[in-house]
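Notes to accompany the following structure.
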Amino acid sequence: MATLGATLEAVSPGHVEIALRPAAAVSQQHGFVHAGAVSAIADSAAGYAALSLMPDGAGVLTTEFKINLLAPATGERIVARGRVVKAGRTLTLAQAEVFAEAEGKERLIALLTATLMTIQGREGIGD
């Protein structure tokens with residue numbers, strides 16, 4: 001997230017918010033924030049929302065995600081809000097909504113659905 005310039009904005013059980021300020025380094029040829037950057041903050045928001053409900057010392061890995069890009073990512077700030085839909089012992093289902101903020105208004109620009117795996121007891125894996 002540091003490479004993208006993204007910041008952790010909020011954390012509570014089952015919910016994480018990550019924000020990104022548009023910049024040339026994360027933009028595509030038309031000046032919109034690149035879908036890869038939008039996907040990265042959405043995946044991280046969903047993943048850390050899932051991790052927030054996992055046992056202490058566990059690690060989290062995304063096993064799959066699907067993202068719908070609904071509108072170009074442009075504005076003053078791009079915000080991904082991840083939330084857990086259903087937490088399980090091994091697999092957790094989470095979603096992230098991504099919004100573009102401009103002139104005090106939010107516009108939904110992407111929706112991600114992810115399945116995340118709890119990793120426990122593996123050397124070097126813990127978040």
Side-chain angles (χ1 to χ4, degrees):
M1 294 294 97
T3 300
L4 299 176
T7 56
L8 186 62
E9 300 287 310
V11 178
S12 60
H15 179 267
V16 167
E17 192 169 301
I18 296 175
L20 170 71
R21 294 221 177 256
V26 294
S27 296
Q28 46 85 288
Q29 71 275 17
H30 301 297
F32 305 125
V33 174
H34 193 281
V38 172
S39 297
I41 65 170
D43 176 43
S44 291
Y48 282 116
L51 181 64
S52 75
L53 298 180
M54 292 178 183
D56 288 343
V60 63
L61 290 176
T62 301
T63 61
E64 66 84 29
F65 74 74
K66 180 193 185 313
I67 189 163
N68 293 94
L69 302 167
L70 307 172
T74 183
E76 296 144 15
R77 216 167 73 117
I78 308 299
V79 180
R81 294 190 183 109
R83 69 176 182 86
V84 170
V85 175
K86 181 177 186 315
R89 187 171 35 116
T90 304
L91 296 176
T92 296
L93 178 66
Q95 287 187 321
E97 292 180 317
V98 184
F99 298 89
E101 294 180 350
E103 299 176 7
K105 295 181 183 176
E106 288 187 338
R107 177 174 50 105
L108 182 65
I109 61 166
L111 177 66
L112 174 137
T113 302
T115 305
L116 304 119
M117 183 173 161
T118 303
I119 305 294
Q120 291 182 292
R122 286 187 67 183
E123 186 71 29
I125 298 182
D127 290 310

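A donor-acceptor contact shorter than 3.5 Å links the side chain of Glu76 to the backbone of Glu103. Proximity of a side-chain donor or acceptor of His34 to a complementary backbone N or O of Gly36 within less than 3.5 Å is detected. Between the side chain of Thr115 and the main chain of Thr63, no donor-acceptor pair closer than 3.5 Å is present. Formation of a donor-acceptor pair under 3.5 Å by the Gln28 side chain with backbone atoms of Gly31 is found in this model.
Interatomic distance, CD of Glu97 versus CG of Leu112, reported as 11.0 Å (0.5 Å rounding). Between atom CG of residue Leu8 and atom CD1 of residue Ile41 there is a gap of 11.5 Å, rounded to the nearest 0.5 Å. To the nearest 0.5 Å, atom CZ of residue Phe32 and atom CG of residue Leu69 are 12.5 Å apart. The structure places CZ of Arg83 at 12.5 Å from OG of Ser12, a figure rounded to the nearest 0.5 Å.
Of all heavy-atom pairs between Ala49 and Ser52, the closest is O-OG, 2.6 Å. Taking every heavy atom of both residues into account, Ala94 and Ala46 meet most closely at CB-O, 3.8 Å. Ile78 approaches Pro22 most closely through the heavy-atom pair CG1-CG, 4.1 Å. Gly59 approaches Leu51 most closely through the heavy-atom pair C-CD1, 4.3 Å. Annotation for Ala100 and Thr74: closest pair CB-O, 3.2 Å, computed over non-hydrogen atoms. The two atoms that bring Leu108 and Ala71 nearest to each other are O-CB, 4.3 Å, heavy atoms only.
Side-chain contact between Pro55 and Arg89 is absent, with no heavy atoms from C-beta onward closer than 4.5 Å. Contact of the Leu20 side chain with the Ile18 side chain is not registered, since no non-hydrogen atoms from C-beta on lie closer than 4.5 Å.
A continuous path of Ile, Leu, Val, Met, Phe, Trp and Tyr side chains, each step under 4.5 Å between heavy atoms, connects Val98 with Leu4, placing both in one hydrophobic cluster. Met54 is not connected to Leu61 by any chain of hydrophobic side-chain contacts under 4.5 Å among Ile, Leu, Val, Met, Phe, Trp and Tyr, and they are in different clusters. Under the 4.5 Å side-chain contact rule for hydrophobic residues, Val79 and Tyr48 do not share a cluster. Follow the hydrophobic side-chain contacts under 4.5 Å out from Val85 and you never reach Ile67; the two are in separate clusters. In this structure, Leu111 is not a member of the same hydrophobic cluster as Leu93, with clusters built from ILVMFWY side-chain heavy atoms closer than 4.5 Å.
Of the candidates Arg107, Arg81, Glu17, Phe99 forms a side-chain contact (heavy atoms from CB on, under 4.5 Å) with just one, namely Arg81. Tested against Leu53 for a side-chain contact (heavy atoms from CB on, under 4.5 Å), the candidates Val60, Val84, Thr118 yield a single pass: Val84.
Counting non-hydrogen atoms of other residues, nucleotides and ligands closer than 6.0 Å to CD of Glu123 gives a total of 12 or fewer.
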Walk me through it: do Thr113 and Gln95 pass the test side chain to side chain contact (heavy atoms under 4.5 Å, CB included)?
CA-CA 4 Å; Thr113 302; Gln95 287 187 321; 3.7 Å; yes
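Qualifying salt bridge (charged side-chain N to carboxylate O under 4.0 Å, His left out) partners for Glu9, counting only residues two or more places apart in sequence or in other chains: Arg77.
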